There are 2 protein chains.
Amino acid sequence: MKLDCDNCPVRDSAACASLSDVERAELGRLGTHKSFARGETVFHAGDDNDICATLNSGLLKISSSDAEGKERILSLVHPAGFVGEMFAPVAHHDVVALADSRLCVFSRSEYEAAVDRFPSLARALLRRSSEELFEARNRIALDTQKGAAEKLANLLVGLAKAASNSPCHAAHEFELPMTRGEIAGLLGLTIETVSRQFGKMEKEGLITRTSTRGIRVTDAARLTALAG
Amino acid sequence: MKLDCDNCPVRDSAACASLSDVERAELGRLGTHKSFARGETVFHAGDDNDICATLNSGLLKISSSDAEGKERILSLVHPAGFVGEMFAPVAHHDVVALADSRLCVFSRSEYEAAVDRFPSLARALLRRSSEELFEARNRIALDTQKGAAEKLANLLVGLAKAASNSPCHAAHEFELPMTRGEIAGLLGLTIETVSRQFGKMEKEGLITRTSTRGIRVTDAARLTALAG
DNA sequence: CGTGTGCTTGATTACTCTCAACATCGGTGG
DNA sequence: CCACCGATGTTGAGAGTAATCAAGCACACG
């Protein structure tokens, strides 16, 4: 399906926001919209790495699986995020839709050519990449300096922020966009530990579970403090 | 001290290798060489983020410290590596020399201008950033899917590779460029656990300790297998 | 020498994983 | 409509790994 940049929900926040109208129109001619239902795979680790995409709406996960098949989620991709490895011949990780999602998809070679043609796009991608690197390193720091409770608190704070429309305010109440297993894979814990931590948080009055996936934050201050 | 790109040891592998001779000469005029002794800080988290640098020789660590002062090493920077955050007003992490090191240092604003002027430099940095991101994510995967022995084995294999001059062959014998405490901070373990894992590895015949810091790999195959 | 830093080793504790049983929800088909 | 089923989530008991606490060792340096 043809791109419609004028009505794009991430028009001002995605990498292509750095382009002029003329440039964006040219880039727009190279891409197509594509939808993925929750659970569908955008691409697999090991696939020929021939697409790049910007997330329009929805939520993606980037994950890897070890030999025993245990999954570790390396990153969540929110709208305006970019997926695809520009410099690798094959994809290193799996990319799967966590929620019904809509993407602008480009062939990697064409996108690469566009990066060379539009320096501001290269700059925007560099910025994005730096931020992702910062995120990844924060996660590393979190992984071992903190225990299960801190990790989960940190995730909830992040999801609460993502759930609200305004970037500065966190949502008071929201739905978890993933299963316990996915949360466990994201935090490097087991399903059971995640479940127990939810129980403990509720008992301690930090949150209320409005349903298995529904979270109401009842003590944002303490939750944030716990998250570090 | 004035740059001497012609005799630069990382002339062909650093980000500036993407530049033409003319361009490199122009960039070279903006930077200076600077040396740091082991333990010296290149910049601190929270500093005004006004320098960028390419590592010429030596070894750096990028680390963060949590509230209780425990350090986590987020990344090692080998020669040809780039340090400095182009898009953050203040530095997020500490950068410290692990070995006596020599850097090409640029003011951030001048380097940023150079990135805009030389598209191939932007591309090279984007590539570097993507690779660092990949490294960081690999570390995330390692962090929880594997135990202490696997993590240490993985580090040793990496250091053995870095210690040899040729990029494909690993050194048979080498010196650890860091203390047990730094290894612990890098792997997210404690000093004691690291020490015990060294002992176990030696007892099992994977390595021999030629000194407290000296490592001889006696069973590279099993060590690599353990590293995953 | 004595001191300090880095390293090792041992005993104990704490946290998370593993294994296992059970509960809940949604959908399907009799 | 209800019974069944699979997937998901909760809860409990026990095992295992690494952290913590606590000495002691080794080497370098004044």
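It should be emphasised that the depicted structure is a prediction, and the values quoted were computed from it without experimental measurement. Letters A, B, ... are given to chains in the order of the sequence lines, protein chains preceding strands, and every chain is numbered from 1.
For D/dA19, the OP1/OP2 oxygens have a side-chain nitrogen or oxygen of B/Thr193 closer than 4.0 Å. For A/Lys203 and D/dT11, the shortest distance from a side-chain N or O to OP1 or OP2 is not below 4.0 Å. Using a 4.0 Å cut-off, some side-chain N or O of B/Arg209 falls inside it from OP1 or OP2 of C/dT8.
Within the nucleic acid shown, A/Lys70 comes within 4.0 Å of sugar-phosphate atoms alone, with no base atom in reach, counting heavy atoms only. Here B/Thr190 lies in heavy-atom contact (under 4.0 Å) with a base. Residue B/Ile191 is in base contact, counting any heavy-atom pair closer than 4.0 Å across all strands shown.
Position along DNA chain D of the nearest nucleotide to B/Gly147 versus A/Gly181 favours A/Gly181 as the more 5'-ward residue. Along DNA chain C, the nucleotide nearest A/Ala149 and the nucleotide nearest B/Met178 are compared for position; the residue whose nucleotide lies closer to the 5' end is B/Met178.
In this structure, B/Leu152 atom CG and C/dC7 atom P are separated by 13 Å, rounded to whole Å. Atom CD in A/Gln145 sits roughly 18 Å away from atom C1' in C/dT16 (whole-Å rounding). Rounded to a whole Å, the NZ atom of A/Lys146 is 20 Å from the P atom of C/dA14. Separating the CZ atom of B/Arg180 from the C1' atom of C/dT9 is a distance of 13 Å, rounded to the nearest angstrom. A straight line from CD of B/Glu150 to P of D/dA18 spans 8 Å, rounded to a whole angstrom. Atom pair B/Phe198:CZ and C/dG6:P shows a separation of 16 Å (rounding to whole Å applied).
Taking the ring centroids of B/Phe87 and A/Phe134, they lie at or beyond the 6.0 Å cut-off.
Legend: side-chain hydrogen bond (donor to acceptor under 3.5 Å, both in side chains) pairs involving residues 199-208 of chain B, not counting sequence neighbours, sorted by first then second residue: B/Glu202-B/Arg209.
Ion pairing between A/Glu131 and A/Arg127 holds under the 4.0 Å rule for side-chain N and carboxylate O. Salt-bridge formation is detected for the pair A/Glu71/A/Lys61: a Lys NZ or Arg NE/NH1/NH2 atom is positioned less than 4.0 Å from an Asp or Glu carboxylate oxygen.
When each of C/dG6, D/dA22, C/dT16 is scored by its nearest atom to the side-chain atoms of B/Arg213, the top-ranked nucleotide is C/dG6. Each of C/dA20, C/dC7, D/dA22 was ranked by its minimum atom distance to the side chain of A/Glu192; first place goes to C/dA20. Comparing atom distances between the B/Gln197 side chain and each of D/dT8, C/dC17, D/dA18 picks out D/dA18 as nearest.
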Using distance only, find each side-chain donor-acceptor pair of residues 90-99 of chain A under 3.5 Å and give its atom names and separation, not counting sequence neighbours.
from: A/His92; atom 1: ND1; to: A/Glu85; atom 2: OE1; distance (Å): 2.5
from: A/Asp94; atom 1: OD1; to: A/His44; atom 2: ND1; distance (Å): 3.4
from: A/Asp94; atom 1: OD1; to: A/Ala45; atom 2: N; distance (Å): 2.7

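Side chain A/Arg196 to base C/dT18: a donor-acceptor pair is found below 3.5 Å.
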